[in-house]
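Start at 1 with the first residue, then count along the sequence. Every heavy atom of this structure was used, including side-chain atoms; hydrogens, water molecules and symmetry mates were not.
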Amino acid sequence: MDEYIVLVNDEDEQIGVAPKLETHNAHTPLHRAFSCYVFNEEGKFLLTQRALSKKVFPGVWTNSCCGHPAPGEATVDAVKRRLKFELGLEVKDLTLVLADYRYRAVMNDIVENEICPVYIATVTTEPKPNPKEVEAYEWVEWSTMLQLIEKEPEKYSPWCKEQIQLLNKSDMVKIKEHPIQHVAFIMDGNRRWAKKKRLPALFGHQKGYRQIEKIVSRAQDLKIPYVTFWAFSTENWQRSDKEVTYLMDLFRKALKGNLLKKLVKKGGRISVIGNIMAFPKDIQEAIADVVASSKDNTGIQVTIALNYGGREDIVQAVQRMISDKVETSDITVDLLSQYLYTKNLPDPDFVIRTGGAQRLSGYLPWQSIYSELYFTDTYWPDFDEKAFGKAVEEYQKRKRTFGR
């Protein structure tokens with residue numbers, strides 16, 4: 001029985017179906033396909049040699065899997081089906097990385113003319129290849145694989161080489177190889193941004209607040225599970241009464257606004273660190289409400305640092321240990337960490353400060369001893385998804401040794 005392939009136009013709109021052989025011979029019409037690459041939890045990349053290679057390019061390495069969604073089948077379901085069939089893999093996480101990738105290639109008597117979204121799958125188990133479909137498989141580090149393709153390009157399928165070049169520009173691939181658990185932001189430059197545009201300082205804070213949603217969305221795309229934003233420091237009380245009053249009103253708006261509601265609805269968790277007892281009671285209550293509303297969610301955790309100062313954090317931790325009558329001989333690094341505001345957070349892998357200053361100013365001093373630091377002249381209201389991606393690319397170039 002023939003396998004039928006979905007035919008599409010240039011806008012990827014379905015215009016019909018045709019047998020597989022028809023869509024891969026002679027003047028083949030544009031049709032829908034998919035490619036998928038697999039990473040394990042250690043960040044290693046999986047290449048395969050499949051039975052298809054015997055007909056097209058014998059003995060070459062190619063994608064982890066590729067194929068065609070059946071008429072009426074969602075592409076993500078087709079990817080999962082094919083990974084299960086070819087490699088016996090259950091998918092933990094599937095991410096679209098190239099939405100509108102297309103290619104045309106002629107290989108012996110086979111013609112490919114496909115709109116082909118490209119996915120990355122994360123798996124937790126070793127492959128169990130179907131011998132009728134997969135000749136061999138190999139885990140390889142992403143950086144090593146790039147070198148191998150450059151050295152011996154003839155050993156890789158043409159679409160694999162092309163996709164790898166495109167994927168290498170994707171920060172998603174680099175995140176898979178070097179996972180980031182936690183990014184902490186110092187949102188500096190709101191007032192200078194406003195001054196540069198000849199606007200009141202309050203406009204800078206308002207624009208800066210709106211940037212948070214963009215950064216959280218990009219962090220979700222990159223599967224970063226924790227982000228922390230320093231919204232108000234213990235020193236910020238020294239600003240003018242007018243500015244402090246405006247910031248309090250902005251916090252009220254944010255805590256009850258659509259940004260956090262949308263995040264909670266999508267499964268995100270909200271937490272707050274810092275001495276919130278200094279805030280007006282209605283703000284304390286709003287904080288408690290939003291934290292409670294998301295406590296059972298399992299998505300990205302967004303932490304807001306409010307009335308936070310690093311020294312104050314350590315002092316309150318010591319005070320609480322004294323209150324708990326902790327014996328001096330029992331005090332360890334791990335124990336003290338459990339008394340900090342951040343006891344439920346991993347230490348930040350990456351601290352980003354906008355606005356040009358190259359210091360932490362008391363932000364997470366205990367927690368950031370081995371964090372990678374990134375300073376940019378870009379003011380926070382201009383720090384968008386693209387700027388965040390650039391920072392992530394810089395992170396991926398660094399080698400973390402943790403003092404070893």
Side-chain angles (χ1 to χ4, degrees), residues 183-221 227-264 268 270 272-276 278-280 282-284 286-287 290 300 302-310 350-364 373-394:
V183 182
F185 296 89
I186 301 176
M187 304 182 290
D188 198 13
N190 290 339
R191 294 186 296 178
R192 282 172 287 155
W193 177 88
K195 183 178 180 181
K196 184 177 179 180
K197 294 181 177 297
R198 298 182 180 180
L199 295 170
L202 310 183
F203 281 76
H205 293 305
Q206 189 175 60
K207 178 68 164 56
Y209 159 68
R210 291 198 294 267
Q211 293 302 94
I212 293 176
E213 183 173 11
K214 298 178 183 179
I215 300 304
V216 170
S217 178
R218 187 63 182 131
Q220 288 175 302
D221 291 342
V227 289
T228 299
F229 300 92
W230 199 8
F232 193 85
S233 78
T234 50
E235 287 74 33
N236 288 158
W237 296 106
Q238 301 172 29
R239 295 184 177 181
S240 69
D241 290 344
K242 180 179 179 181
E243 186 172 358
V244 170
T245 299
Y246 177 82
L247 287 171
M248 295 301 112
D249 289 340
L250 186 59
F251 296 154
R252 292 183 177 96
K253 176 183 176 182
L255 289 164
K256 296 185 178 181
N258 289 330
L259 190 159
L260 294 184
K261 286 180 181 177
K262 286 193 293 184
L263 179 61
V264 172
I270 310 298
V272 173
I273 59 173
N275 179 13
I276 65 170
F279 289 114
D282 66 311
I283 293 181
Q284 295 180 43
I287 290 172
V290 74
I300 188 171
V302 177
T303 301
I304 310 298
L306 288 172
N307 195 30
Y308 177 86
F350 199 27
V351 178
I352 297 174
R353 180 170 188 154
T354 60
Q358 297 188 18
R359 58 179 180 272
L360 295 184
S361 300
Y363 187 47
L364 305 173
L373 308 181
Y374 181 85
F375 303 108
T376 174
D377 291 335
T378 303
Y379 297 139
W380 177 253
D382 288 329
F383 191 81
D384 57 13
E385 304 96 315
K386 185 176 180 180
F388 186 23
K390 181 180 177 182
V392 167
E393 287 180 8
E394 171 62 27

Those residues at least two apart in sequence (or on a different chain) that pass side chain to side chain contact (heavy atoms under 4.5 Å, CB included) with I273 are T228, T303, A305, Y308, Y341, T342, L364

> Does atom NZ of K390 have more than 12 heavy-atom neighbours from other groups under 6.0 Å away?
Replying inline: no

Contacts of K242 meeting side chain to side chain contact (heavy atoms under 4.5 Å, CB included) (sequence neighbours excluded), chain-then-number -> L202, S240

Residue set satisfying side-chain hydrogen bond (donor to acceptor under 3.5 Å, both in side chains) with K262, at least two apart, ordered chain then number -> E213

Residues at least two apart in sequence or cross-chain that pass side chain to side chain contact (heavy atoms under 4.5 Å, CB included) with K196, listed by chain then number, are Y379

* Asked: Within a strict 4.5 Å, meaning less than it, do heavy atoms of the M248 and F251 side chains meet?
  -> yes

Fill in: 4.5 Å side-chain heavy-atom contact, Q220 and L263
yes

**OP:** Would you please indicate yes or no on a ring centroid separation below 6.0 angstrom for W237 and F279?
**Re:** yes

Got I287 and L255 here, is their nearest side-chain heavy-atom distance under 4.5 Å? yes

Notebook entry, point to check: Between F388 and F185, does the ring centre distance come in under 6.0 Å?
Noted result: yes

The side-chain hydrogen bond (donor to acceptor under 3.5 Å, both in side chains) partners of Q284 (sequence neighbours excluded) come to none

- prompt: Does a salt bridge link K214 with D384, judged by any charged N lying under 4.0 Å from a carboxylate O?
  reply: no

Value for CD (E393) from OH (Y374), rounded to nearest 0.5 Å, stands at 9.0 Å

Side chain to side chain contact (heavy atoms under 4.5 Å, CB included) filter on T245, not counting sequence neighbours, yields D249

